[in-house]
Amino acid sequence: MKGNHWGYGKENGPDVWHKNYPVALGSRQSPIDIPHQVSHDPSLGPIVLDYDHCTSINICNNGHSVVVNFDDTDDRSVIHGGPLENPYRLSQFHFHWGGKGCDGSEHTVAGNSYASELHLVHWNAVKYKLFDHAAAAPDGLAVVGIFLETGDDHRWLHTITDAMYMVKYKGSATDFKGFNPKCLLPSSLHYWTYLGSLTTPPLHESVTWILLKEPIAVSEKQLGKFRLLQFTGEEEDQRLRMENNFRPPQPLKGRRIRSSN
Ligand SMILES: NS(=O)(=O)c1ccc(NCc2ccco2)c([N+](=O)[O-])c1
Ligand SMILES: [Zn+2]
């Protein structure tokens, strides 16, 4: 693998990430498959998402996904409760998806994949001064994962898919203010939770995963707009369509997965 240019291709994909990121073979890697039987933990309270004052800043193409960034200089949008000891601050959200007609979620449920997976990334600003410090700490991040399945149009996803033509190429960004990701949540906040990692390099084992059981529906047409994005920059000769940007499930290695009610 040339330099650090990890990706999702044959030469630089998930199977060879361990060469530059040995933690890829670690004991708490993500994503994982969620089996049928998961222990229900009555002590697990509800997850609370306080996004009312959240401030999105921009939407960008970082060459791996499409990302909406938030102003996380104070506690204006946090999640707390559930398995979390502290409130965690919303930093960004992004997606993983498949190719035409094939699924692209990262986590799977009893071996089944969904069309796509949304990650709402939060960091423990109580214990850590900077996101990058939190991203390298075992209790540094909390990522809420939401499954997307194909069905009806999602009324609020349009604002995101409509902005995608502005961020087609790697390294592009555009203003994206006033978006509250609360509109992307399913009706139920029932979840599975386990200790894992970032699902892309540097694969830090710093994530408390909170996966919502109920998927949201998006249309094939909306998903198709994700695939108009490119992994490559405008100036590059290669035009690589951004799709199948997901890591497959990793070994559970004895970890416990808990289920809220
Ligand atoms: N698919 S994910 O939610 O696990 C994920 C993966 C990587 C990163 N970032 C890569 C990184 C972190 C520190 C230095 O570089 C993020 N994130 O930053 O939200 C999220
Ligand atoms: Zn992700």
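Counting starts at 1 for both ligands and their atoms, following the listed order. Bear in mind the structure is a predicted one, so any value in this text is a computation, not a measurement.
Residue, atom and distance of the protein heavy atom nearest to atom 18 (O) of ligand 1 are Phe131 CZ, 3.4 Å. Leu198 CD2, 4.0 Å is the protein heavy atom nearest to atom 16 (C) of ligand 1.
The residue among Val144, Leu120, Asn245, Thr200 with a heavy atom at the shortest distance from atom 7 (C) of ligand 1 is Thr200.
The contact set between ligand 1 and His94, taken as ligand atoms under 4.0 Å from a residue heavy atom, comprises 1 (N), 2 (S), 3 (O), 20 (C). If you number the atoms of ligand 1 from 1 as listed, the ones under 4.0 Å from a heavy atom of Gln92 come out as 17 (N), 18 (O), 19 (O). Remark: ligand 1 atoms within the under-4.0 Å shell around heavy atoms of Trp209 are 4 (O). For ligand 1, the atoms closer than 4.0 angstrom to any heavy atom of Pro202 are 10 (C), 11 (C), 15 (O). Atom numbering of ligand 1 starts at 1 in the shown order; those under 4.0 Å from a heavy atom of Val121 are 3 (O), 19 (O).
The presence of a protein heavy atom under 4.0 Å from atom 9 (N) of ligand 1 is ruled out.
Remark: the Ser30 side chain and the Trp209 side chain contain an N/O donor-acceptor pair separated by less than 3.5 Å. Side chains of Asp103 and Ser113: a donor-acceptor N/O pair is absent below 3.5 angstrom, by distance only. Asn58 and Asp175 are not linked by any side-chain donor-acceptor pair at a separation below 3.5 angstrom, with hydrogens and angles left out of the test. No hydrogens or angles considered: nothing links the side chains of Glu214 and His190 as a donor-acceptor pair under 3.5 Å.
If you look at Thr199 next to ligand 1, the close heavy atoms, those under 4.0 Å, come from the backbone and the side chain alike. With a heavy-atom cut-off of 4.0 Å, Trp123 does not touch ligand 1 at all. Contact annotation for Ala136 and ligand 1: no heavy atom of the residue comes within less than 4.0 Å of the ligand.
Sorting the N, O or S atoms of His96 by how far they are from the Zn ion (ligand 2) puts NE2 first. Nearest N/O/S atom of His119 with respect to the Zn ion (ligand 2) is recorded as ND1.
Between the CG atom of Leu148 and the NE2 atom of His96 there is a distance of 11.5 Å, given to the nearest 0.5 Å.
Heavy atoms of Arg247 come nearer than 4.0 angstrom to ligand 1 in no pair at all.
Nearest heavy atom pair, residue Asp72 against residue Leu90, reads CB-O, 3.5 Å.
An N or O contact shorter than 3.5 Å links His96 to ligand 1 by distance.
Linking ILVMFWY side-chain heavy atoms closer than 4.5 Å, directly or via other members, places Val66 and Leu120 in a single hydrophobic cluster.
Looking at Lys127 and Asp139, a side-chain N of the basic residue comes within less than 4.0 Å of a carboxylate O on the acidic one, giving a salt bridge. Note on Asp74 versus Arg89: no salt bridge recorded, every NZ/NE/NH1/NH2 to OD/OE distance being 4.0 Å or above.
Looking at Asn69 and Ser91, their side chains never come closer than 4.5 Å, going by heavy atoms from C-beta outward.
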